[in-house]
Amino acid sequence: MKKKDYILLVIAVTVGVLIKLFFPAAGGLTEAGVGMLAVFVPTIILWIGVGTGWPSFLALVALALTGVADGQTVFNYAWGNSVNTVIIPMLIIVQVMIDNHAMQHIAEWIISRRIVSGRPYVFMILLCIAITVIGTVVYPVVMCFIFLKIIDSVTESVGYTKKDKFYKALLLLTLWVTTIMDGVWPFGRPIPTVIMTFLESIGYSINIIDWMKLSLPFGLICIVVALLVIRFVCRPDISKFKSFDDSAVRKRLSQERINRSGKVATISVVLVILSWVLPYISGLGVVNTYFASIGVPTCACLAVAAMCIIKGEDGKPVIELGPALAKVNWSLVVFLGAVMFFAGFIGKPEFGIVDGFNSMLSSLGGNMSPELILCVGALVACLATNFMSNTVSATVGASVFVPALAAIPGVSGNQVIIAAVLIGCIANCAYLTYASSPTSGVILTDKTVTIGEAFKYSLAMILISYALLMVFGLTLAPALL
């Protein structure tokens, strides 16, 4: 650990002790709720300042040691839920696709269609489509590495350098669209899982189909805004793109086929996602019932087991479990465990945290309208996420503003769900600075795009997306649920 991390640890512990000793149990907040906040607030400080790995371990231990919940409950809820049994096998399968270049092949296939020839903005649209398709299961930071290689290859082939605005525009487009995918697709993603778990803890139910009814329009809005910002604000020189030889890419792809391991992994991902969607498609009778009964993790785990048996072209199993497990991002798994506990428990009535926040908001803002709560909550989430983890921002935003909305007489369940989903979605607009998200770190660290350029164009992207998302949330979204 660095010296800064030790200082933050001391600050976090001090804040926790002060909350425990001096924060009043009032306005509906119980003594148990004070104990929860005495762990939750320091954990947020460490997540923002240090990272999400060992602070998540420490948070779970602190919850048990301080008596917020008994140890068995803490660790059962953190790691005994279905989330990690979905995340781990999906990380393994997707890594096989990446290792065997299946992801890059699919992306290049999409962006090399004949319609691209001489049309730079069509190329950008197809780039966004490729990111959206790959983004169903691949995390944004991994997508950045995949698409950076493609962008380098395309721009070099037509004579652009890294100093040209067209190259920088493609980097920014990739940054924006890859980052928002964490909110668009609910398949094994932290934020949708956390928001759905939180909603369940306060008495509301939502499935992945309902999530996508709201998140896909959000994704479309952001992609349209991104393209408009590139076209009318960034305004890159597109003249050289006319020499892009899309036929050469198609020829190369026809010669470089996806190998057997890549095909098996790709088919497995498609089938696993299908198994998650089938329970929510009406009219399938026993199929709905069966896939709903076997649970979400079952098919993902079955796919990994099958790939450990099926052999690739080299005669070895498609997955060798030991090496595959070594590539899993275990810090993410630990972090999700802590987030899942907080998301599931922070809204429970015995802690009174929801009542406490409602009381505080009422005293600060009087009788806030449902529309104002949605707009303020989403604005806080989309700005705060540029200075903290996307998942943390979504968790805090939902924990504070969604219960306040739910407490207003006459507010429907759909209004509460819409607010929660849109806060979760917009918490992925994290690209103002190098430290806003892992994708920002990948795209902006080499300073090809300066911090001034990134801030100017990304701020326009965030504010316009926010404004249009609020219009969508207040007008069209209720009709979709």
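Being a predicted model, the structure only gives us computed values, none of them experimental.
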So, taking the atom named CG in Leu383 and the one named CD1 in Ile426, what distance separates them when rounded to the nearest 0.5 Å? 8.5 Å
CD1 (Ile443) and OG1 (Thr178) are apart, to the nearest 0.5 Å, by 6.0 Å
Charged N to carboxylate O below 4.0 Å: is that the case for Lys327 and Asp99? yes
Kindly say whether Val133 contributes a backbone atom to a donor-acceptor pair with the side chain of Thr136 at under 3.5 angstrom? yes
Heavy-atom distance under 4.5 Å between the side chains of Leu476 and Val471, does that happen here? no
Give me the ring orientation class for Trp47 and Phe335: parallel if the planes are under 30° apart, tilted from 30 to 60°, perpendicular past 60°. perpendicular
For the ring pair Tyr457 and Trp176, is the centre-to-centre distance below 6.0 Å? no
Do Phe218 and Phe472 make a side-chain contact, defined as non-hydrogen atoms from C-beta onward lying under 4.5 Å apart? no
Could you tell me the separation between the OG atom of Ser205 and the CG atom of Asp210, rounded to the nearest 0.5 Å? 8.0 Å
Within the side chain of Ser117, is there an N or O that forms a donor-acceptor pair under 3.5 Å with the backbone of Arg114? no
Parallel under 30°, tilted from 30 to 60°, perpendicular over 60°: which one fits the rings of Phe123 and Phe241? tilted
Flag for Trp185-Thr132: side-chain donor and acceptor within less than 3.5 Å: no
Using a 6.0 Å cut-off, check whether atom CZ of Arg235 has over 12 heavy atoms from anything other than its own residue. no
Check whether the side chains of Tyr167 and Asp152 place a donor and an acceptor atom closer than 3.5 Å, and report yes or no. yes
Which of Asp5, Leu9, Ile11, Val13 passes side chain to side chain contact (heavy atoms under 4.5 Å, CB included) with Leu46? It is Leu9
Quick check: are there more than 12 heavy atoms from other residues, nucleotides or ligands sitting under 6.0 Å from NZ of Lys240? yes
Donor + acceptor pair across side chains of Thr179, Thr439 (<3.5 Å): yes
Short question: side chain of Thr266, backbone of Gly262 - any donor-acceptor pair under 3.5 Å? yes
Nearest-0.5 Å distance, CG of residue Leu463 to SG of residue Cys382: 7.0 Å
Approximate separation, where rounding is to 0.5 Å, of Ser458 OG and Met461 CE: 8.5 Å
Using a strict 4.0 Å threshold on nitrogen-to-oxygen distance, state whether Glu108 and Arg252 make a salt bridge. yes
Within the structure provided, determine whether Phe40 and Leu63 are in side-chain contact (heavy-atom separation under 4.5 Å). no
Search all heavy atoms of Ala265 against all heavy atoms of Met97 and return the closest pair with its distance. CB-CG, 3.4 Å
Do Ile309 and Pro317 come within less than 4.5 Å of each other through their side chains, counting heavy atoms only? no
Passing option when Pro192 is tested against Ser215, Cys425, Pro186 for side chain to side chain contact (heavy atoms under 4.5 Å, CB included): Pro186
Check the side chains of Ser261 and Asn259 for a donor-acceptor pair under 3.5 angstrom, ignoring hydrogens and angles. no
Donor-acceptor contact present, side-chain Asp314 to main-chain Lys316, <3.5 Å: yes
Val402 pairs by side chain to side chain contact (heavy atoms under 4.5 Å, CB included) with which of Ile202, Val421, Ile417? Ile202
Find the distance between SG (Cys234) and CG (Leu228) and round it off to the nearest 0.5 Å. 13.0 Å
Do Glu453 and Thr450 have a side chain donor and acceptor closer than 3.5 Å? yes
